[in-house]
Asker: 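Dropping a structure here in structure tokens format, bear with me for questions.
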Amino acid sequence: MIITLDGPAGSGKSTTARALAKKLGGVYLDTGAMYRSVTLIALESKINLADAVKVDAIARSIAIDFKESENGQKVFINGRDVTAAIRAPEVDASVSTVSAHPGVREKMVAQQRSIAQKHKTVIVEGRDTGSVVFPNADHKFFLNANPSERGKRRALQTGQAVDKVQDIAKQIVERDSKDSSRLVSPLVVPSGAVEIDNSQLSLDETLQKILQFLA
Ligand code: DC
């Protein structure tokens with residue numbers, strides 16, 4: 001069974017997808033972490049991020065792995081633990097540019113499909129998972145929340161001060177706009193997806209709503 005959860009930054013996808021995977025005994029696939037991994041190596045390589053040929057070559061050359069640990073899921077690139085590094089502000093600021101390259105997307109999508117094939121129940125989270133990667137998923141959800149709520153959640157997640165919420169909300173809206181306006185696989189509500197605005201909902205309430213549709 002494949003369940004997709006798409007939505008903009010800070011919409012609660014990751015927390016919800018992780019909780020859902022735990023509840024259903026399935027595997028959690030964080031596709032954003034894969035685009036973040038390519039971005040991290042591109043930044044470290046000091047290449048021009050607009051250079052599709054060079055960025056595509058990085059996407060093809062790295063091996064991205066996920067491993068479960070006591071502290072949650074860890075992300076590895078060629079065996080190196082990059083779980084924290086891929087969440088750095090520099091990666092946040094550049095990931096939309098890197099993920100807009102068609103060659104990068106092609107490589108990541110192939111890998112996402114191959115990972116999903118190996119498991120019985122997969123909860124996939126991202127921007128195009130219900131529209132492009134798994135258009136025939138068993139269940140599709142699109143999560144959203146208002147920008148100031150999403151800013152608050154990001155501030156909490158990243159340990160930033162509450163007085164930064166406005167700035168964070170602004171950055172999030174800019175990233176949404178880039179992710180939604182790109183030519184290849186933009187952020188859209190996938191056809192057949194159930195839309196959930198969780199601005200006023202707790203994680204548990206969001207999860208209960210999703211579970212109603214799976215029953
Ligand atoms: O979910 P996240 O914030 O970790 O995602 C980081 C970026 O990766 C996001 O701004 C756009 C890109 N992304 C994408 O293009 N397609 C996906 N399926 C997931 C993420």
Side-chain angles (χ1 to χ4, degrees), residues 2-18 20-21 28-43 49 52 55-56 58-59 62 64 66 72-75 77 82-116 122-135 137 140-145 147 150-151 153-158 160 168-190 193 198:
I2 294 181
I3 301 174
T4 61
L5 260 74
D6 290 299
S11 59
K13 302 182 304 285
S14 310
T15 325
T16 309
R18 264 195 297 266
L20 193 58
Y28 160 56
L29 178 54
D30 177 359
T31 62
M34 298 171 75
Y35 292 99
R36 287 174 177 276
S37 295
V38 180
T39 306
L40 176 69
I41 301 303
L43 286 170
L49 300 183
V55 180
D56 290 1
I58 287 181
I62 62 174
I64 305 167
F66 293 98
Q73 195 172 64
K74 288 192 171 287
V75 187
I77 304 173
V82 294
T83 314
I86 60 168
R87 306 282 159 197
E90 300 76 34
V91 174
D92 276 345
S94 300
V95 66
S96 294
T97 306
V98 168
S99 60
H101 291 302
V104 172
R105 303 205 70 82
E106 202 181 303
K107 171 78 176 111
M108 296 302 117
V109 168
Q111 210 167 319
Q112 289 154 19
R113 289 180 179 149
S114 147
I115 294 172
V122 188
I123 322 301
V124 201
E125 174 243 305
R127 301 290 189 288
D128 63 342
T129 66
S131 56
V132 173
V133 192
F134 301 108
K140 301 182 192 180
F141 297 92
F142 188 90
L143 301 190
N144 211 342
R150 295 195 280 129
R153 291 175 188 169
R154 267 292 142 107
L156 271 175
Q157 253 175 17
T158 53
Q160 294 179 76
I168 299 171
K170 200 168 149 245
Q171 286 160 13
I172 281 180
V173 169
E174 276 167 23
R175 185 143 65 94
D176 290 349
S177 146
K178 285 186 193 159
D179 293 342
S180 307
S181 60
R182 68 176 175 229
L183 292 174
V184 189
S185 311
L187 168 67
V188 289
V189 180
N198 60 18

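FYI, side chains are in, hydrogens and waters are out, and symmetry mates aren't considered; it's all heavy atoms of this structure. Note that ligands are numbered from 1 as they come in the structure, with each ligand's atoms numbered from 1 the same way.
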Asker: For residues Q112 and I115, determine if any side-chain heavy atom of one lies less than 4.5 Å from a side-chain heavy atom of the other.
Answerer: no
Asker: Any side-chain heavy atom of V133 within less than 4.5 Å of one from T31?
Answerer: no
Asker: Is there any N or O on T31 that sits under 3.5 Å from an N or O of ligand 1?
Answerer: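 N/O-N/O distance under 3.5 Å: yes.
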Asker: With atoms numbered from 1 as shown, which atoms in ligand 1 lie under 4.0 angstrom from a non-hydrogen atom of R87?
Answerer: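 Those atoms are 4 (O).
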Asker: Run down the list G126, S99, S94, S185 and name the one with the heavy atom closest to atom 12 (C) of ligand 1.
Answerer: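 Of the listed residues, S99 has the closest heavy atom.
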Asker: Could you tell me the residue and atom name of the protein heavy atom closest to atom 4 (O) of ligand 1, and the distance to it rounded to 0.1 Å?
Answerer: R36 NE, 2.7 Å
Asker: Can you find a heavy atom in the side chain of V38 that is under 4.5 Å from one in the side chain of H101?
Answerer: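 SC-SC contact between V38 and H101 ruled out.
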Asker: Using heavy atoms and a threshold below 4.0 Å, how should the contact between K178 and ligand 1 be classified: side chain, backbone, both, or neither?
Answerer: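 Within the 4.0 Å criterion, K178 makes no contact with ligand 1.
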Asker: Hey, are the side chains of M34 and F66 touching, using non-hydrogen atoms and a 4.5 Å cut-off?
Answerer: yes
Asker: Which protein non-hydrogen atom lies closest to atom 1 (O) of ligand 1, naming both residue and atom, and how far is it?
Answerer: R127 NH1, 2.9 Å
Asker: Between atom OG1 of T129 and atom CD1 of I3, what is the distance when rounded to the nearest 0.5 Å?
Answerer: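 Rounded to the nearest 0.5 Å, the OG1-CD1 separation comes to 11.0 Å.
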Asker: So which bit of M34 gets within less than 4.0 Å of ligand 1, heavy atoms only: side chain, backbone, both or neither?
Answerer: neither
Asker: So which bit of R182 gets within less than 4.0 Å of ligand 1, heavy atoms only: side chain, backbone, both or neither?
Answerer: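 The part of R182 near ligand 1 is the side chain, not the backbone.
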Asker: Taking side-chain hydrogen bond (donor to acceptor under 3.5 Å, both in side chains) as the cut-off, I'd like each qualifying pair that reaches into residues 87-98, sequence neighbours left out, listed once.
Answerer: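 The answer is D30-R87, R36-D92, S96-D179.
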Asker: Return the closest protein heavy atom for atom 20 (C) of ligand 1 as residue, atom name and distance.
Answerer: G32 CA, 3.5 Å
Asker: Give the residue, atom name and distance (to 0.1 Å) of the protein heavy atom nearest atom 11 (C) of ligand 1.
Answerer: D179 OD2, 3.4 Å
Asker: Drop me the distance from L20's CG to T15's OG1, to the nearest 0.5 angstrom.
Answerer: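 Atom-to-atom, L20:CG and T15:OG1 are 12.0 Å apart.
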Asker: Nearest non-hydrogen contact with atom 15 (O) of ligand 1 belongs to which option: R175, R105, M108, E125?
Answerer: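 Looking at heavy atoms only, R105 sits closest to atom 15 (O) of ligand 1.
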Asker: Considering the heavy atoms of D128, write down every atom of ligand 1 situated less than 4.0 Å from one of them.
Answerer: 16 (N), 17 (C), 18 (N)
Asker: So do E125 and S14 actually touch side chain to side chain, heavy atoms under 4.5 Å?
Answerer: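 Counting from C-beta outward, S14 and E125 do come under 4.5 Å.
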Asker: Report the C-alpha distance between E106 and D56 in whole Å, list the side-chain angles of each, state the deciding distance to 0.1 Å, and finish with yes or no for side-chain contact (heavy atoms from CB on, under 4.5 Å).
Answerer: CA-CA 9 Å; E106 202 181 303; D56 290 1; over 6 Å; no
Asker: With respect to Y35, determine whether any N or O atom, backbone or side chain, lies less than 3.5 Å from an N or O atom of ligand 1.
Answerer: no
